[in-house]
Amino acid sequence: MASVRTLETLQFDNSFARLPEVFHAKVTPTPLKNPFLVSFNQDAAALIELSPEEAGRPEFAGCFGGQYLLPGSEPIATVYAGHQFGAYVSRLGDGRAILLGEVRNSLDEKWDLHLKGAGLTPFSRDDDGRAVLRSCIREYLCSEAMHGLGIPSTRALCVVGSEEEVLREQVEPGATMLRLAPSHVRFGHFEFFYWRRQFDHLKTLTDYVIARDYPNVADLKDTPDKYARFYHEVAVRTARLIAKWQAVGFAHGVLNSDNMSVLGITLDYGPFGFLDEYNPAFICNHSDHHGRYAFQNQPDIGYFNLRCLAQAFTPLVPDEAIKAELDAYEAVFAEHSAELMRAKLGLRESRPGDDALLTGLLELMRGSVADYTNVFRFLCDFKQAAEDRNETLRDFFVDRDAFDKWAAGYKERLRAEGSRDEERAERMKRVNPKYVLRNYLAHQAIRLATEQKDFSEIERLRQLLRDPFAEQPEMDRYAAPPPDWGKRLIVSCSS
Ligand code: AMP
Ligand code: MG
C-alpha cells in the first residue's frame with residue numbers, strides 16, 4: 001500500500017451519510033482559532049494512504065482544525081442514545097465529534113474520519129462542542145498505545161492545537177483530534193431506535209452495519225438467524241476486548257453503552273488509566289464516585305451493556321437466542337481471559353491449579369502494592385533452578401516468605417510442562433509489555449505541550465509505545481512506576 005494520496009485526493013465513500021435523515025444531521029465543523037499542528041501519526045496516515053508529506057503543508061492544520069473541508073467530505077453528526085452510569089439517556093449523539101466522511105483505501109478497507117472537538121452539533125445539548133488539548137493528547141497517545149499492545153482500538157491521525165479558549169474547571173486551549181476507525185457505530189445507536197419504537201430504522205441500521213462491517217454475517221442473507229449471528233459476533237468481540245483490557249491492566253473509565261463499539265474496539269478515551277500498583281478496585285475516573293467502572297467491574301459492565309444491546313435487538317432476535325449469546329459472552333470472556341493470563345505466566349498448557357497460581361501472584365501483588373506491569377515483565381526472567389531465589393522479582397514483595405512459597409509452586413508448575421527459561425522468557429516478553437501509557441507519562445507530555453508548546457514528548461511517547469514489548473533500553477526510565485506526585489493525579493470526565 002503506497003501512501004501517495006494528498007488531502008485533495010482521498011477517496012471518500014460516505015455510506016452513513018446516505019442513510020435516511022433520521023440517522024444523522026448535516027453539520028459543518030466550527031473552525032478553531034489559529035490552528036496549528038501538534039502531532040501527526042504517520043502510521044495512521046498509512047491506513048488511508050495519506051502521504052506523510054501532507055502534514056508539512058500549511059493547509060493541514062486548517063483542514064483538521066475545522067477551517068476547510070476536504071473534497072468529498074460530507075460532514076455529519078450521528079444520533080445515538082445510551083445507558084450512562086446505568087440510566088437510560090434517550091438522546092445523546094455526536095455532540096462534539098463530527099464524522100467528516102469515510103475513506104476507502106486500495107485494499108477496499110473503509111475508515112471513518114471522525115473529528116473530535118469540531119464544534120457544536122444538534123446533539124451538543126448544553127455543552128460547547130469542543131475538546132481540550134489535554135484530552136486530545138491523552139486519546140491520541142492511548143489509542144496508539146493500545147494498538148501497539150495488540151488491542152483493538154480507534155486510531156489517531158493527528159492533534160491540532162489552537163488559541164481557542166475552552167472552559168472546563170479552568171480555561172484550557174481547545175484542540176481537535178482526528179480519529180480513524182472502520183466504524184464509530186455504538187451500542188447506543190441501536191438503543192436510540194429501539195426505545196423510540198422505530199423498529200424499521202433499527203432494522204435499517206442493523207442491515208447497514210452487517211453489510212458494511214460483518215461480511216461473514218452478511219453471507220447468511222435474509223434469515224432470522226442473521227441477526228442472532230450478528231449479536232453473537234458483537235458479544236464475542238466485546239468479551240475478547242474486555243479480556244484484553246483486564247490482562248494489560250487497562251481501565252476505560254466511562255463504560256457507558258454509548259461508548260461501546262459494535263465492532264468490539266476500544267472507543268472514546270476519557271478518564272482512562274492503566275494500573276500502576278495492582279489494585280483490582282482501581283477507579284481511574286474521579287467523577288465515578290461509586291466505582292461503577294472500577295477496573296475489576298469491567299467484565300460485568302460489558303455484560304450489562306450487552307444486555308442493553310440485547311434489549312434493543314428484541315424486535316429482531318428471539319429471546320432464547322439472546323439468552324444463549326449472553327451466556328456465550330461469559331464463556332468467551334472466561335476462556336480468553338484464562339488464555340491471556342496463562343500466556344502472561346508463560347504457561348503453554350492448561351492444568352488444574354493454574355487459577356490458584358495466578359490468584360496467588362495477584363494477591364501477593366495486591367498485598368505489596370506492587371506494580372502490575374513491572375511484576376509481569378520481571379516475571380519473564382524468572383529462573384527455575386531450585387537454588388535461584390529470583391531476587392529482583394522477590395524485591396517487589398513485602399512478604400518474602402509468601403513469595404518464596406509462591407515461587408516454589410511456580411517452579412514446580414514450570415517443570416511439569418518442561419518449560420525452558422530462555423524460550424519462556426522470549427515468549428513472555430511478547431505478551432507482558434515493558435511500557436504502558438502511565439498517567440504520569442501522559443501528564444508530562446501534556447504539561448510540556450500546554451505550558452511550553454513543546455510537543456516533543458508526545459512524539460517520544462508515541463514512538464515508544466508503538467512497540468511496548470521491545471526492551472528499548474535507552475528508554476528504561478519510562479518503565480518506572482509513578483513518582484509520588486504522579487500517583488495523585490486527578491482524572492475526571494472533564495475533557
Ligand atoms: P462522553 O462522556 O465523552 O462519551 O460523552 C457523552 C455525550 O456527551 C456524547 O453525546 C458526547 O457527544 C457529549 N459531549 C461530551 N462532551 C461534550 C462537549 N464538550 N460538547 C458537546 N457534547 C459533548
Ligand atoms: Mg462518548
Side-chain angles (χ1 to χ4, degrees), residues 14-27 74-99 101-102 110 112 114 120-127 181-214 217-218 220-235 237-238 256-264 267-268 304-323 325-326:
N14 304 321
S15 63
F16 206 102
R18 292 196 292 271
L19 288 174
E21 273 177 22
V22 288
F23 289 90
H24 48 70
K26 293 201 184 340
V27 289
E74 291 175 82
I76 53 171
T78 73
V79 65
Y80 54 81
H83 280 78
Q84 298 196 313
F85 290 88
Y88 185 64
V89 182
S90 60
R91 195 174 132 110
L92 293 162
D94 295 320
R96 60 163 163 179
I98 289 180
L99 176 59
E102 301 158 47
K110 283 145 293 188
D112 280 4
H114 222 247
L120 292 174
T121 78
F123 312 111
S124 301
R125 298 182 289 167
D126 294 331
D127 280 328
S183 168
H184 282 77
V185 173
R186 303 144 190 274
F187 288 11
H189 279 97
F190 300 89
E191 293 180 89
F192 179 79
F193 293 109
Y194 169 76
W195 287 104
R196 289 166 68 104
R197 297 289 182 257
Q198 293 176 322
F199 300 151
D200 285 356
H201 297 326
L202 175 72
K203 187 170 178 306
T204 303
L205 178 68
T206 312
D207 286 338
Y208 165 77
V209 172
I210 291 174
R212 186 179 182 278
D213 300 305
Y214 281 87
V217 178
L220 295 176
K221 299 284 182 264
D222 239 355
T223 70
D225 285 355
K226 183 172 78 167
Y227 300 113
R229 186 73 210 169
F230 172 56
Y231 184 76
H232 171 81
E233 296 271 332
V234 178
R237 287 193 195 190
T238 305
N256 293 330
S257 66
D258 50 293
N259 290 338
M260 297 287 292
S261 152
V262 79
L263 298 186
L267 177 67
D268 275 11
F304 174 89
N305 286 327
L306 276 166
R307 263 187 23 218
C308 297
L309 185 65
Q311 173 89 43
F313 277 164
T314 46
L316 302 175
V317 184
D319 286 355
E320 325 76 75
I322 296 259
K323 168 88 185 59
E325 299 313 343
L326 280 168

ask   = Taking only residues two or more places apart in sequence or in another chain, which ones pass salt bridge (charged side-chain N to carboxylate O under 4.0 Å, His left out) with Arg96?
value = none
ask   = When the ring planes of Phe230 and Tyr214 are compared, do they come out parallel, tilted or perpendicular, using 30° and 60° as the limits?
value = perpendicular
request  = Give a yes or no answer on whether the side chain of Tyr227 reaches the backbone of Pro315 with a donor-acceptor pair at less than 3.5 Å.
outcome  = no
remark   = Closest non-hydrogen contact found for Ser124 with Gly95 is OG-O, 2.7 Å
ask   = How long is the span from the CG atom in Leu99 to the NE2 atom in His24, to the nearest 0.5 Å?
value = 9.5 Å
task = Using the test side-chain contact (heavy atoms from CB on, under 4.5 Å), find all partners of Arg212 that sit at least two apart in sequence or belong to another chain.
result = Ser15, Glu102, Lys110, Asp112, Ser183, Tyr208
key: His232 (side chain) donor-acceptor with Glu325 (main chain) under 3.5 angstrom   = no
message = When you compare the side chains of Thr78 and His189, does any donor N or O come within less than 3.5 Å of an acceptor on the partner?
response = yes
key: Residue pairs, two or more places apart or on separate chains, that pass salt bridge (Lys or Arg N to Asp or Glu O under 4.0 Å) and touch residues 80-93   = none
request  = Could you pull out all residues at least two apart from Asp225 that satisfy salt bridge (charged side-chain N to carboxylate O under 4.0 Å, His left out)?
outcome  = none
query = Given Phe187 and Thr238, is the side chain to side chain contact (heavy atoms under 4.5 Å, CB included) satisfied, shown in steps?
reply = CA-CA 11 Å; Phe187 288 11; Thr238 305; 3.8 Å; yes
task = Quick one: which residue pairs count as a salt bridge (Lys or Arg N to Asp or Glu O under 4.0 Å) with a foot in residues 194-206, not counting sequence neighbours?
result = Lys203-Asp207
task = Report the residues that fulfil side-chain contact (heavy atoms from CB on, under 4.5 Å) with Leu92, sequence neighbours left out, ordered by chain and then residue number.
result = Tyr80, Gln84, Val89, Arg125, Asp258
ask   = Any sub-3.5 Å donor-acceptor pair from Tyr194's side-chain atoms to Ala310's backbone N or O?
value = no
key: For Thr206 against Leu202, the heavy-atom pair lying closest together   = OG1-O, 2.7 Å
key: Nearest atoms (heavy-atom pairs only) where Thr204 meets Pro20   = CG2-CD, 4.5 Å
remark   = On a heavy-atom basis, the closest approach of Phe193 and His201 is CD2-CB, 3.5 Å
Ser257 side chain vs His83 backbone, donor-acceptor pair below 3.5 Å = yes
ask   = When you measure from the side chain of His114 to the backbone N and O of Ala97, does any donor-acceptor pair fall under 3.5 Å?
value = no
task = Heavy atoms only: give me the nearest Ala77-Val27 pair and the separation to one decimal.
result = N-CG2, 3.7 Å
query = Is a side-chain donor or acceptor of Thr121 paired with a backbone partner of Asp94 at a separation under 3.5 angstrom?
reply = yes
query = Hey, are the side chains of Leu267 and Met260 touching, using non-hydrogen atoms and a 4.5 Å cut-off?
reply = no
